[in-house]
Amino acid sequence: MKTVEELTDLFRSTGRKVTAQRQCIFRVLQGNVTHPSAEAVYEVTRAEMETMSLKTVYQTLNELAELGEIAALDLGTGTVRFDPNVETQHHHLVCRRCGKVRDLHVDFDGLAVPKGASQGYEVRSAEVVFRGLCEDCQGAPWSGRRALSTIEQ
């Protein structure tokens with residue numbers, strides 16, 4: 001992900017507003033490996049800046065995704081997650097219990113749609129999602145609820 005300064009310049013050059021709230025969101029995403037939801041970003045930014053609104057967080061995240069600076073991911077965790085790591089192609093590990101998402105950097109040589117099976121699609125990329133239990137959930141008793149509300153997930 002670009003630096004806060006680079007994102008600020010990008011927003012300005014594309015006619016988007018640059019506010020203290022947006023720059024706070026840029027800082028929260030910088031180096032974040034947790035694939036946070038908009039709500040998780042909101043929790044962290046709100047602690048730093050009381051004037052933050054959830055609407056601003058959603059708008060900023062969606063604009064960053066439109067610009068290709070982050071990826072919006074629907075990985076079946078019940079909410080869209082945002083991935084600031086768009087520089088390298090990678091896959092994802094998803095915990096079935098808590099919803100934690102992590103990047104997985106591995107190559108799958110020959111991963112492609114078989115000839116004649118593309119159904120008219122022009123395939124440009126592929127992503128593999130591995131589902132299982134994270135290290136924290138492997139030994140924890142199952143309560144039947146997900147506790148996915150912090151940015152650390």
Please report the closest heavy-atom contact between [X] and [Y], naming both atoms and the distance.
| X | Y | result |
| --- | --- | --- |
| Leu10 | Leu67 | CD2-CD1, 3.9 Å |
| Thr45 | Met52 | OG1-CG, 3.3 Å |
| Cys95 | Leu133 | SG-CA, 3.8 Å |
| Arg131 | Leu75 | NH1-O, 2.7 Å |
| Pro84 | Ile70 | CA-CG2, 3.8 Å |
| Thr3 | Gln30 | CA-OE1, 3.4 Å |

Any side-chain heavy atom of [X] within less than 4.5 Å of one from [Y]?
| X | Y | answer |
| --- | --- | --- |
| Leu29 | Leu64 | yes |
| Val41 | Val44 | no |
| Val57 | Ile25 | yes |
| Arg22 | Glu63 | yes |

State plainly whether one hydrophobic cluster holds both [X] and [Y], where clusters connect Ile, Leu, Val, Met, Phe, Trp and Tyr through side-chain heavy atoms under 4.5 angstrom apart.
| X | Y | result |
| --- | --- | --- |
| Leu54 | Val80 | yes |
| Val86 | Met1 | no |
| Val123 | Val129 | no |
| Met49 | Val4 | yes |
| Leu7 | Val18 | yes |

Could you check, using the six-membered ring where one of them is a Trp, whether Tyr58 and Tyr42 have ring centers closer than 6.0 angstrom?
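Between Tyr58 and Tyr42, the centre distance exceeds or equals 6.0 Å.
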Apply side-chain hydrogen bond (donor to acceptor under 3.5 Å, both in side chains) to Gln89 and Ser125, showing your working.
CA-CA 9 Å; Gln89 186 174 359; Ser125 66; 5.5 Å; no
Does a donor on one side chain and an acceptor on the other come within less than 3.5 Å for [X] and [Y]?
| X | Y | answer |
| --- | --- | --- |
| Asp103 | His35 | yes |
| Arg81 | Ser37 | no |
| Thr8 | Gln23 | yes |

Just do the salt bridge (charged side-chain N to carboxylate O under 4.0 Å, His left out) check on Arg16 and Glu66 with the steps written out, would you?
CA-CA 12 Å; Arg16 290 172 167 85; Glu66 285 173 23; 3.6 Å; yes
Ignoring hydrogens and geometry, is there a side-chain-to-backbone donor-acceptor pair from [X] to [Y] under 3.5 Å?
| X | Y | answer |
| --- | --- | --- |
| Asp74 | Gly76 | yes |
| Arg97 | Cys137 | yes |
| Arg12 | Lys17 | no |

Matching residue for His90 among Asp83, Asp107, Val106 - test: side chain to side chain contact (heavy atoms under 4.5 Å, CB included):
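Filter result, single survivor: Asp83.
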Residues in ring-ring contact (aromatic ring centres under 6.0 Å, His included) with Phe82, at least two apart?
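Result, ring-ring contact (aromatic ring centres under 6.0 Å, His included) vs Phe82: none returned.
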According to ring-ring contact (aromatic ring centres under 6.0 Å, His included), who are the partners of His91, at least two apart in sequence or on a separate chain?
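Partners of His91 under the ring-ring contact (aromatic ring centres under 6.0 Å, His included) test: Phe108.
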How long is the straight-line distance from [atom2] of [Y] back to [atom1] of [X], given to the nearest 0.5 Å?
| X | Y | atom1 | atom2 | answer |
| --- | --- | --- | --- | --- |
| Arg102 | Glu135 | CZ | CD | 11.0 Å |
| Thr34 | Lys100 | OG1 | NZ | 10.0 Å |
| Gln21 | Glu48 | CD | CD | 10.5 Å |
| Gln59 | Asn62 | CD | CG | 8.5 Å |
| Glu127 | Leu104 | CD | CG | 10.0 Å |

Just wondering, more than 12 heavy atoms not from Glu50 lying within 6.0 Å of its CD?
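Atom CD in Glu50 is not crowded, with 12 or fewer foreign heavy atoms closer than 6.0 Å.
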Gln138 atom CD, neighbour heavy-atom count above 12 within 6.0 Å:
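Yes, CD of Gln138 has more than 12 neighbouring heavy atoms, counting only those of other groups under 6.0 Å.
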Using 4.0 Å as the upper bound for N to carboxylate O, is an ion pair formed by Arg46 and Glu39?
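The answer is no: the pair does not qualify as a salt bridge.
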